Amino acid sequence: MQQTRVSQGTDYYYRFIEKFPDISTLAAASEEEVMKVWQGLGYYTRARNLHHTAKTIINEYSGIFPSDYDEILKLKGIGPNTAAAVSSFAFKTNKPVMDGNVVRIVSRLFGVLHSVNSSVGRTIISNYVSQLMNQSSPDMFNQAIMDFGALCCTPSKPGCKHCPFNRVCYAYLHDRIEEFPVRKKKTEMKSRFFNYLDIRSQGFTYIKKRTNNDIWKNLYEYPLIETKSDMLLQDVIASDAWAILFNGIDTDVYGISSEYLHQLTHRRIKARFIRVVVNSQQAWIPVDYTRIKSEDIINYPVSGLMAKYIKEVVSA
DNA sequence: AATACGGGGGA
DNA sequence: TCCCCAGTATT
């Protein structure tokens with residue numbers, strides 16, 4: 001799950017393990033298949049890391065998942081939390097998890113004043129959890145403390161009245177529940193402006209995979225002209241990027257969609273889709289793009305934003 | 001140490 | 001509109 005609610009990921013989980021029931025199946029899959037199953041869930045690096053790690057297990061660990069915490073921690077996409085969870089559940093390793101639930105509970109219980117997203121705050125909380133940890137059944141402890149956070153010590157309106165720790169909880173005893181956990185304020189929201197080109201050329205369209213270290217890495221999309229600001233359509237058409245893409249090919253701008261506002265945690269993407277018809281009869285492939293049947297776009301993993309447009313326009 | 005990375009659902 | 005989620009990798 002990693003920063004995603006279980007309720008949001010459950011359906012994806014079942015679809016994932018149905019398609020890739022074991023490590024060797026996942027390792028043998030194409031990256032595209034893996035991304036397609038992940039489409040819409042977000043944090044796509046997780047999918048690539050799972051795929052990558054499956055191959056690592058097959059190739060470097062003889063297909064046997066390591067049982068040692070430090071060895072598990074080396075695997076790509078597995079950090080301290082996942083390593084602690086996996087090693088404690090699967091191998092009874094004595095490592096405490098520190099997910100959002102645990103952080104919240106400890107923060108309230110002891111009134112941790114340092115921000116929980118600072119390294120100092122994490123260290124303080126980690127020390128508390130290590131002390132609390134039931135050494136004889138670390139798996140039970142980890143599952144219990146996470147569930148306790150999810151069911152009782154919840155982010156909003158925690159069940160303090162019936163909480164078994166309300167006689168020792170710093171936040172509750174001082175009537176300062178709202179103040180914990182302390183968090184530094186989130187990064188500022190930034191806007192980006194995407195102009196996607198829904199190109200129609202004799203039943204074909206053009207797509208490209210995003211490969212930069214950027215949002216939606218390894219997902220597919222239409223030709224994109226990103227602008228620094230909210231530009232007029234005519235200015236986009238007059239831009240260098242447009243000229244380079246079409247390279248003198250005869251086109252008509254058939255229409256422009258309304259603005260698609262894609263609101264993410266730290267990004268506000270204002271997107272619009274420009275329908276362009278290519279008049280040329282000759283097969284034309286702009287540099288770096290792939291030419292596919294327009295309706296085949298549904299077979300490619302795409303972002304939530306692209307999927308929305310496709311559903312509304314292409315599949316309609 | 002700070003920042004990037006998605007999307008959904010509750011308040 | 002804001003918060004926050006079974007966090008990790010990169011800068």
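In what follows, chains carry the letters A, B, and so on, assigned in the order in which the sequence lines appear, proteins first and then strands, with residues in each chain numbered from 1. Hydrogens, waters and symmetry mates play no part in the numbers below; they use all other heavy atoms, side chains included. The model shown is predicted, which means the values in this text are computed figures rather than measured ones.
The base of B:dG6 sits with one of its N or O atoms less than 3.5 Å from a complementary donor or acceptor on the side chain of A:T4. One can find a donor-acceptor pair under 3.5 Å joining the base of C:dA6 and the side-chain atoms of A:Q143. With hydrogens and angles ignored, a donor-acceptor pair closer than 3.5 Å exists between the side chain of A:R5 and the base of C:dC4.
Residue whose closest nucleotide on DNA chain B sits further toward the 5' end, between A:L305 and A:S156: A:L305. Between A:S7 and A:R192, the residue whose closest nucleotide on DNA chain B is further toward the 5' end is A:R192.
Both tests do not hold together for A:R108 against A:F180: distance to the six-membered ring centre under 6.0 Å, angle to the ring axis within 45°.
In this structure, the nucleotide among B:dC5, C:dT11, B:dG7 sitting nearest to the side chain of A:N213 is C:dT11. The A:P155 side chain lies nearest to C:dC4 when the options are B:dA11, C:dC4, C:dG7. Among B:dG6, B:dC5, C:dT8, the nucleotide with an atom closest to any side-chain atom of A:R267 is B:dC5. Across B:dG7, C:dC5, B:dG6, the shortest atom-to-atom separation from the side chain of A:S303 is found for B:dG7. In this structure, of C:dT10, B:dG6, C:dC4, it is C:dC4 that holds the atom nearest to the side chain of A:R183. The nucleotide whose nearest atom lies closest to any side-chain atom of A:K184 is, among B:dG7, B:dA2, C:dC5, B:dA2. Closest to the side chain of A:S119, from the set C:dA6, B:dA1, B:dG7, is B:dA1. Of the candidate nucleotides B:dA4, C:dT8, B:dG7, B:dG7 has the atom nearest to the side chain of A:W216. Checking C:dA6, B:dA4, B:dG7 against the side-chain heavy atoms of A:H266 singles out B:dA4 as nearest. Counting only heavy atoms from C-beta on, A:I215 has its side chain closest to B:dG6 among B:dG7, C:dA9, B:dG6.
Side chains of A:R210 and A:Y220: a donor-acceptor N/O pair is absent below 3.5 angstrom, by distance only. With 3.5 Å as the limit, one finds no donor-acceptor pair spanning the side chains of A:Y300 and A:Q39.
On the C1' atoms, C:dC4 is 13 Å away from B:dG6, given to the nearest whole Å.
Taking atom CG on A:D99 and atom P on C:dG7, their separation rounds to 5 Å, with Å as the unit. For the pair A:N142 CG and C:dA6 C1', the interatomic distance rounds to 11 Å; values are reported in whole Å. If you measure from atom CD1 of A:I78 to atom P of C:dA6, you get 18 Å, rounded to the nearest angstrom.
Aromatic ring pairs are classed by plane angle as parallel below 30°, tilted from 30° to 60° and perpendicular above 60°; the pair A:F273 and A:Y309 is parallel. Ring orientation note: the planes of A:Y128 and A:F110 are close to parallel, at an angle under 30° on the 30°/60° scale.
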Distance-only criterion, 3.5 Å: show the donor-acceptor pairs between side-chain atoms of residues 231-244 of chain A and protein atoms not counting sequence neighbours.
from: A:S239; atom 1: OG; to: A:V236; atom 2: O; distance (Å): 2.6
from: A:S239; atom 1: OG; to: A:W242; atom 2: N; distance (Å): 3.3

So A:N127 and A:S130, side chain to side chain donor-acceptor pair (under 3.5 Å) or not? Walk me through it.
CA-CA 5 Å; A:N127 289 337; A:S130 296; 5.4 Å; no

Would you check, one step at a time, whether the test side chain to side chain contact (heavy atoms under 4.5 Å, CB included) holds for A:V97 with A:F141?
CA-CA 9 Å; A:V97 294; A:F141 174 86; over 6 Å; no

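Stem analysis of DNA chain B (Watson-Crick or G-U pairs, both distances under 3.5 Å, runs of at least three) returns B:1-5 with C:7-11, B:7-11 with C:1-5.
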